[in-house]
Number of protein chains: 2
Amino acid sequence: MAKRGEQLVAAASRVIHERGAAATTLALVAAEAKVPLGNVYYYFKTKEELVEAVVRARTAELEAFLAYGSSKATPLERLCAIVDAFRSRADDMVRVGCPFGALASELEKTEGGPSARILFSMQLDWMEGQLRELRVPAARARAVELLAAIQGACLVAHALHDAALFKRRLGDLARDLRRELTTES
Amino acid sequence: MAKRGEQLVAAASRVIHERGAAATTLALVAAEAKVPLGNVYYYFKTKEELVEAVVRARTAELEAFLAYGSSKATPLERLCAIVDAFRSRADDMVRVGCPFGALASELEKTEGGPSARILFSMQLDWMEGQLRELRVPAARARAVELLAAIQGACLVAHALHDAALFKRRLGDLARDLRRELTTES
DNA sequence: GTCTATAAGGCGATAGAC
DNA sequence: GTCTATCGCCTTATAGAC
């Protein structure tokens with residue numbers, strides 16, 4: 001049980017969420033975790049290793065996030081549950097960006113370093129699965145459309161500091177999903 | 001005519017586009033502009049001032065970009081022209097991000113510094129104007145939907161290093177616009 | 001106006017006492 | 001395992017010769 005290591009990863013995840021990975025210094029992480037700076041290097045040889053650990057932690061968060069969606073009864077309810085779950089985090093996402101999308105996009109800017117694109121591919125795979133179950137044609141393209149709509153809304157709302165814009169757009173997204181995909185009985 | 005100053009802004013804009021504003025150092029900009037480092041400070045007192053100049057340059061680029069769209073005959077053609085213009089820049093946008101969106105979102109992460117959200121509000125205003133001319137209800141919300149769709153597609157495609165995804169999504173976006181907004185005669 | 005040299009401070013990373 | 005002290009480098013910014 002590497003309790004101290006987990007504390008550091010949790011602290012690093014918070015600081016990175018607030019400031020971005022590039023602007024996150026190990027001194028800030030150490031202060032957030034209430035650990036002396038030098039101690040960080042006992043658990044992580046480099047800053048890059050710490051960022052990789054944060055990516056793994058975010059991946060686990062996303063798994064739990066999607067598992068919550070999967071707990072709903074129908075594919076349509078599952079998709080709407082995920083949209084609503086993003087919507088319920090609106091204030092945080094608009095203030096500092098999406099904990100999955102902001103990290104995934106930022107880390108792709110540095111070629112050699114760690115990647116977090118799995119945070120997008122996991123969501124696409126999960127959404128595609130739900131759409132396939134609904135017999136929606138071009139399920140992969142529709143998954144891309146939905147993920148891009150969510151991420152784009154977050155990006156625009158974040159830059160404009162407009163949480164209401166994000167909530168409205170995600171509400172419309174869930175409404176459109178229900179309209180199009182509800183099986184008339 | 002501050003020729004040297006314009007060279008520096010152009011060089012800074014290129015470096016920021018490639019690496020992001022935070023990772024851009026004045027040494028890199030000076031090298032890109034083939035100017036000694038110390039000389040940068042004759043034209044810009046601080047790095048922040050240089051970034052502000054880059055934002056103004058991008059704003060002018062966006063104005064020209066939207067003016068090109070405005071040159072088309074009908075509002076529908078104008079909207080599609082902008083979508084197509086983004087699409088024609090796909091390789092660059094997928095490799096390093098949107099020159100407008102990436103800058104706008106990154107600069108909002110640092111509170112005290114310069115802002116580039118005008119790059120989003122200009123696009124929203126322009127799109128809203130076209131949609132209004134087409135008598136589309138909830139024109140502002142539809143403008144947000146379109147801008148978010150473009151920016152989200154760029155973000156996802158960038159993180160996944162998948163230019164084809166971006167081109168497909170923007171092609172679908174233009175097709176959907178034509179389908180919904182074409183006036184049957 | 002242009003350029004060289006360098007200051008001042010923050011960063012990742014290490015050494016070594018405890 | 002934990003912590004203090006510090007190294008070496010890079011960054012922004014300045015001083016001052018030309």
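Note that the structure is a prediction, hence the values are computed from the model and not measured. Chain identifiers are assigned alphabetically (A, B, ...) following the order of the sequence lines, protein sequences preceding nucleic acid strands; residue numbering begins at 1 within each chain.
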d(A:E128 CD, A:S121 OG) to nearest 0.5 Å is 11.5 Å

d(A:K167 NZ, A:L170 CG) to nearest 0.5 Å is 11.0 Å

Side chain of B:Y43: nearest nucleotide among C:dC3, C:dG1, D:dC3?
-> C:dG1

Over 12 non-hydrogen atoms of neighbours within 6.0 angstrom of [atom1] in [X]:
{"X": "B:I118", "atom1": "CD1", "answer": "no"}
{"X": "B:R19", "atom1": "CZ", "answer": "no"}
{"X": "A:R140", "atom1": "CZ", "answer": "yes"}

Quick one: A:N39 CG to D:dT2 C1', roughly how many Å, whole number?
-> 5 Å

In whole angstroms, the gap separating C1' of D:dT2 from CD of A:Q7 amounts to 13 Å

If we only count heavy atoms from C-beta on, is the B:D92 to B:H17 side-chain gap below 4.5 Å?
-> yes

Could you tell me whether A:E6 and A:K3 have a side-chain N and a carboxylate O separated by less than 4.0 Å?
-> no

Charged N to carboxylate O below 4.0 Å: is that the case for A:R175 and A:D172?
-> yes

With sugar-phosphate meaning primed atoms plus P, OP1 and OP2, does B:F44 contact a base, only sugar-phosphate, or nothing at under 4.0 Å between heavy atoms?
-> nothing

Could you run down the sub-3.5 Å N/O contacts of the protein with nucleotides 9-14 of chain C?
residue, atom, partner, partner atom, Å
C:dG12, OP2, A:L26, N, 3.0
C:dA13, OP2, A:K47, N, 2.8
C:dA13, N7, A:Y41, OH, 3.2

Note: contacts of residues 11-21 of chain A with DNA chain C (heavy atom, under 4.0 Å) are none

Quick one: does B:E63's side chain have a donor or acceptor within less than 3.5 Å of a partner on B:T59's backbone?
-> no

Strictly by modelled atom types, are B:E108 and A:H161 linked by a side-chain donor-acceptor pair under 3.5 Å?
-> yes

May I ask you to verify if any side-chain N or O of B:Y42 is less than 4.0 angstrom from the OP1 or OP2 atom of C:dT2?
-> no

If only side-chain N and O atoms of A:R4 are considered, is one of them under 4.0 Å from the OP1 or OP2 phosphate oxygen of D:dT2?
-> yes

Below 6.0 angstrom between ring centroids: does that apply to B:F86 and B:F65?
-> yes

Near DNA chain D, under 4.0 Å by heavy atom, which residues of residues 49-57 of chain A?
-> none

